[in-house]
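Below is one structure; the comments refer to it alone.
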Amino acid sequence: MANPLVAADVYNRMGGQQALTQLMNPSGTISWSVAMLDTAMGDAWNFVVAAVGVQAELAGYTNDQIREQYPQLITIAAQKSLRFGWLGGSGGQALPQGIKDIDELADAQLQLLAERRRKHGAVGVSPAPAQQISQVRIDQDNSRMTLCGFRQSGGLI
């Protein structure tokens, strides 16, 4: 799956392209570029997919479908892009507190999504679960359901 972010997703969270450029390179001494932003956006999207893929299956969606059906993931990935962009271009300079705060907020949101304590997807969107749920014959009436394939050291749970 390709990265569904666009540069404006990141710029707009910092007040526009000029504000982001000023933040990333205030003295003109670091090597920040559009290519670096593309790399940061890709890294951030991979980070988001790894976290939410625990609960939601995103394979098979186009970038436009992801942007429409999962706007929160775009927001979180754009927020993560700020940190990755800074780390890639700053040459080891200290992370500004504002970017650190945004990154911590994004991490907290990803954790809540991974734990299924927040809804995945926009209003009206119910993503396919990442875990297959099927019936396991536990009793003769077939009235009980459980996750299959999970094992404990002693056998089936």
Side-chain angles (χ1 to χ4, degrees), residues 1-16 19-20 23-24 36-90 92-139 141-157:
M1 164 183 0
N3 162 19
L5 294 171
V6 297
D9 293 326
V10 181
Y11 294 151
N12 291 340
R13 273 140 187 104
M14 294 307 297
L20 181 62
L23 173 69
M24 293 296 199
M36 184 182 310
L37 179 59
D38 288 341
T39 300
M41 290 187 305
D43 290 349
W45 181 248
N46 289 337
F47 196 88
V48 168
V49 168
V52 301
V54 173
Q55 299 292 348
E57 181 60 58
L58 298 176
Y61 289 101
T62 66
N63 286 347
D64 289 339
Q65 289 171 323
I66 289 171
R67 292 184 66 79
E68 179 182 327
Q69 296 179 25
Y70 299 94
Q72 183 183 18
L73 302 185
I74 299 299
T75 298
I76 294 170
Q79 291 169 337
K80 292 295 296 176
S81 295
L82 293 169
R83 181 177 191 122
F84 291 137
W86 179 267
L87 293 175
S90 70
Q93 294 180 27
L95 187 68
Q97 188 62 45
I99 293 178
K100 186 176 181 181
D101 292 345
I102 290 170
D103 187 62
E104 288 172 357
L105 174 65
D107 284 341
Q109 291 299 309
L110 286 175
Q111 186 62 36
L112 292 172
L113 287 165
E115 294 172 0
R116 200 177 277 283
R117 294 176 61 200
R118 290 287 186 268
K119 182 183 185 319
H120 289 71
V123 174
V125 173
S126 294
Q131 298 170 332
Q132 180 181 355
I133 298 175
S134 62
Q135 188 170 7
V136 176
R137 188 174 187 127
I138 295 175
D139 63 3
D141 298 327
N142 290 329
S143 61
R144 296 179 67 191
M145 298 288 285
T146 186
L147 294 175
C148 68
F150 288 88
R151 296 189 182 271
Q152 200 172 8
S153 60
L156 286 175
I157 294 177

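- With sequence neighbours excluded, the residues forming a side chain to side chain donor-acceptor pair (under 3.5 Å) with Gln109 are Gln72, listed by chain and number.
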Could you give the side-chain donor-acceptor pairs of residues 36-43 under 3.5 Å, partners two or more places apart or in another chain?
{"residue": "Thr39", "atom": "OG1", "partner": "Ala35", "partner atom": "O", "Å": "3.2"}

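- Between the CD1 atom in Ile99 and the CH2 atom in Trp86 there is a gap of 6.0 Å [rounded to 0.5 Å].
- A distance of 11.5 Å separates CD in Glu68 from CD1 in Ile74, rounded to the nearest 0.5 Å.
- Listed for the Arg67 side chain is a donor-acceptor partner under 3.5 Å among the backbone atoms of Pro4.
- Judged purely by distance below 3.5 Å, without hydrogens or angles, the side chains of Ser81 and Arg13 never pair a donor atom with an acceptor atom.
- No donor-acceptor pair closer than 3.5 Å links the side chain of Asp9 to the backbone N or O of Leu5.
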Given Leu113 and Leu73, is the side chain to side chain contact (heavy atoms under 4.5 Å, CB included) satisfied, shown in steps? CA-CA 10 Å; Leu113 287 165; Leu73 302 185; 3.8 Å; yes
Test log, rule side chain to side chain contact (heavy atoms under 4.5 Å, CB included), inputs Val52 and Tyr70: CA-CA 11 Å; Val52 301; Tyr70 299 94; over 6 Å; no
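- Remark: side-chain polar atoms of Glu57 are paired, donor with acceptor, to backbone N or O of Ala59 under 3.5 angstrom.
- Considering only heavy atoms from C-beta on, Asn46 stays 4.5 Å or farther from Phe84 through its side chain.
- Scanning both residues, Ala106 and Gln79, for their nearest heavy atoms gives CB-OE1, 3.7 Å.
- With values rounded to the nearest 0.5 angstrom, Leu58 atom CG is found 10.0 Å from Gln69 atom CD.
- Under 3.5 Å, the side chains of Asp107 and Gln111 contain no donor-acceptor pair of N or O atoms.
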Evaluate side chain to side chain contact (heavy atoms under 4.5 Å, CB included) for Phe47 paired with Ile76, printing each intermediate quantity in order. CA-CA 10 Å; Phe47 196 88; Ile76 294 170; over 6 Å; no
